[in-house]
Amino acid sequence: MASHRKRLRLNWIDCTVFAVLIAATAYVGYRVGSVLEYRWDWSGIWDYLYRWDEDQQRWVANLLMQGLYTTLRLAVWGIALAAIVGVVFGIMRTWRRLFPRMLSRAYVELVRNIPPLVFVFIFYFFISSQVMPLLGVEEYIRDASPGTLAWLEVLFGPPNLIPNVISGVLCLAMLEGAYVTEIVRAGIQSVPKTQVEAGFSVGLSRWQLMQHVILPQAVQRVVPPLAGQFITLVKDSSIVSLISVQELTYLAVETAVSTSRIFEVWIIVAALYFGVCFSCAVLFNRLEKRMAVRGQ
Amino acid sequence: MSPRKGSQGRAKVVVEFEGVNKWFGDFHVLKDINLRVRERDRVVICGPSGSGKSTLIRCINRLEEHQEGRIVVDGHEIGNDPKSVAAVRREVGMVFQQFNLFPHLTVLENCMLGPTKVRGLSKAEARDRAMQYLARVRIPEQADKYPGQLSGGQQQRVAIARSLCMQPRIMLFDEPTSALDPEMIKEVLDVMADLAQSGMTMLVVTHEMGFARTVADEMVFMDEGSIVESAPPERFFTNPENDRSKLFLSQILSH
């Protein structure tokens, strides 16, 4: 499109805002230092990201990076599963028959009107006592060949923690799936009814209509809210630290306690979360623009 | 146009309405409709807005449900049996006032969707067929564009091609030119006249009386939910029997 960029220009308002921001940051830093008598000490804290392993003679991920990897795995699987849950329940929400509509509505209202933490505690109890034995994850891992285990480690992290990670993924997916359901429902209902009539008049069945006409258009419309929800999912993944899933927040607590460098650790953790979420936002933004171009 | 008057008595009845009534809530939209359309008939339905014309043809492929009476299309009675509704929708094409193309698909994909998913054609077969009908509505060069990039007249011609790709036995037109700019009306009407020439059974709701006069072999005039008059065009336009038809014609033909 337009090849020339807007020139970046600072006027006096921008300068004032910058000055105020810098002053405020400096003041907070000063107060933390003087009033709390907090002694900043950044040395050595970086070892908790990566540490030098003498035995293997290479850098290996330490607690915080291990946590970040687990968080990323939780996010990827959580998003995939929440998307599936959301699409299925979202379609049910627009069903003609009462029962699927009611079931889906009940699920959405239940999740949305209970604090996420409470939901996770209750749901985790259900998962750990019922779902995990049913899935037979632990037996599967115990009997898996070394080749399979290597793959599992890439996909889900260290084998001994896999049941743990899967519990976390299920909790997150059920939690965020409710919000995705509402987004999908809104997307489906935003497709004009005339599209349904056009689809019927060329002979499509309800399923074909949903698959080829309604859903593609609905997805195009819900990319922005969906992107927001997926970023929320990444942040909400810290909730499952409370059911001992060893992701970033959980390991950050451990690190902060054991090193007693509370601010340093949490600032690093905040930066890591920010990096992940912001990259996601940029990525979704690109995707959105590309879809907008394709659908004129 | 074609000398089919004498053969009309023998041609098969493909659409039949028998004592059809329909209500929207308390509003009685269709009142005791009786109508027979034979194979290769070109029926034009006219009347003031709100007279139930669109509702009538939308009952044929069950976009609207009727509450009383019988509608039989191509041997299938339209009712709660989803199989017969599906069968009818396969054989009945429809063109809408607002075109209703699928905006996320290209022109070609719009035309291929029905044939591949419903008729089970291969992609290659469906593509050939789509190009053939796009040529017939005179826009094969637009095949790879999206509907939003086309003019209204072009979109409506694509909509006609999309229906024809299903090779329907009956075509329904619901005010196909009402949403078009005047200079685009002719291109759509020309395509419809061609189609009539080829022997397609057509039911057309339109206000284009010039088109009706040259193409129709039956005029149906509706008012307040009833069929008031039904006659061949030469009689309907020169010597309408009913007072309401006279009034409508004087209003619509006066300029």
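Hydrogens, waters and symmetry mates are skipped; everything else that's a heavy atom, side chains included, is used. Residue numbers start from 1 in every chain, and the chains themselves are labelled A, B, ... in the order their sequence lines are given, proteins ahead of strands.
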Legend entry - Close side-chain approach of B:Glu187 and B:Arg157, heavy atoms under 4.5 Å: yes
Inset, instruction - Go through the structure and list residues passing salt bridge (charged side-chain N to carboxylate O under 4.0 Å, His left out) with B:Glu65, not counting sequence neighbours. - result: B:Arg62
Please table the atom pairs, donor to acceptor, closer than 3.5 Å between any side-chain atom in residues 67-84 of chain A and protein atoms at least two apart or in another chain.
| residue | atom | partner | partner atom | Å |
| --- | --- | --- | --- | --- |
| A:Tyr69 | OH | A:Tyr50 | OH | 2.9 |
| A:Thr70 | OG1 | A:Gln66 | O | 3.0 |
| A:Thr71 | OG1 | A:Gly67 | O | 3.1 |
| A:Thr71 | OG1 | A:Leu248 | N | 3.0 |
| A:Arg73 | NE | A:Val154 | O | 3.1 |
| A:Arg73 | NH2 | A:Glu153 | O | 3.4 |
| A:Trp77 | NE1 | A:Leu155 | O | 3.0 |

Inset, instruction - Would you please go through residues 115-127 of chain B and name the residues with a non-hydrogen atom below 4.5 Å from one of chain A, in numerical order? - result: B:Lys117, B:Val118
Legend entry - Max heavy-atom pair count under 4.5 Å with chain B, selected residue of A:Pro192, A:Pro216, A:Gly199, A:Gly203: A:Gly203
Inset, instruction - Determine the interplanar angle of the B:His28 and B:Trp23 rings, folded into 0 to 90°, and report it as parallel if under 30°, tilted if 30 to 60°, perpendicular if over 60°. - result: parallel
Inset, instruction - List in chain and number order the residues that pass side-chain hydrogen bond (donor to acceptor under 3.5 Å, both in side chains) with B:Ser54, two or more places apart in sequence or in another chain; answer none if no residue qualifies. - result: B:Asp174
Inset, instruction - With a 4.5 angstrom heavy-atom cut-off, could you sort out which part of A:Glu197 is near chain B: side chain, backbone, both or neither? - result: both
Legend entry - Leading residue by heavy atom contact count with chain A [cutoff under 4.5 Å; candidates B:Leu172, B:Val85, B:Leu113]: B:Leu113
Inset, instruction - Verify whether one side chain among A:Thr249 and A:Tyr273 offers a donor that lies under 3.5 Å from an acceptor in the other. - result: yes
Legend entry - Top of A:Thr194, A:Val191, A:Leu204 for chain B proximity - count of heavy-atom pairs under 4.5 angstrom: A:Thr194
Inset, instruction - Answer yes or no on whether B:Arg162 is positioned over the face of B:Phe102, meaning its NZ or CZ is under 6.0 Å from the six-membered ring centre and within 45° of the axis. - result: yes
Inset, instruction - Counting only heavy atoms closer than 4.5 Å, note whether B:Met94 contacts chain A via side chain, backbone, both or neither. - result: both
Inset, instruction - First locate atom CD1 of B:Ile227, then atom CG of B:Leu35, and finally report the distance between them rounded to the nearest 0.5 Å. - result: 4.5 Å
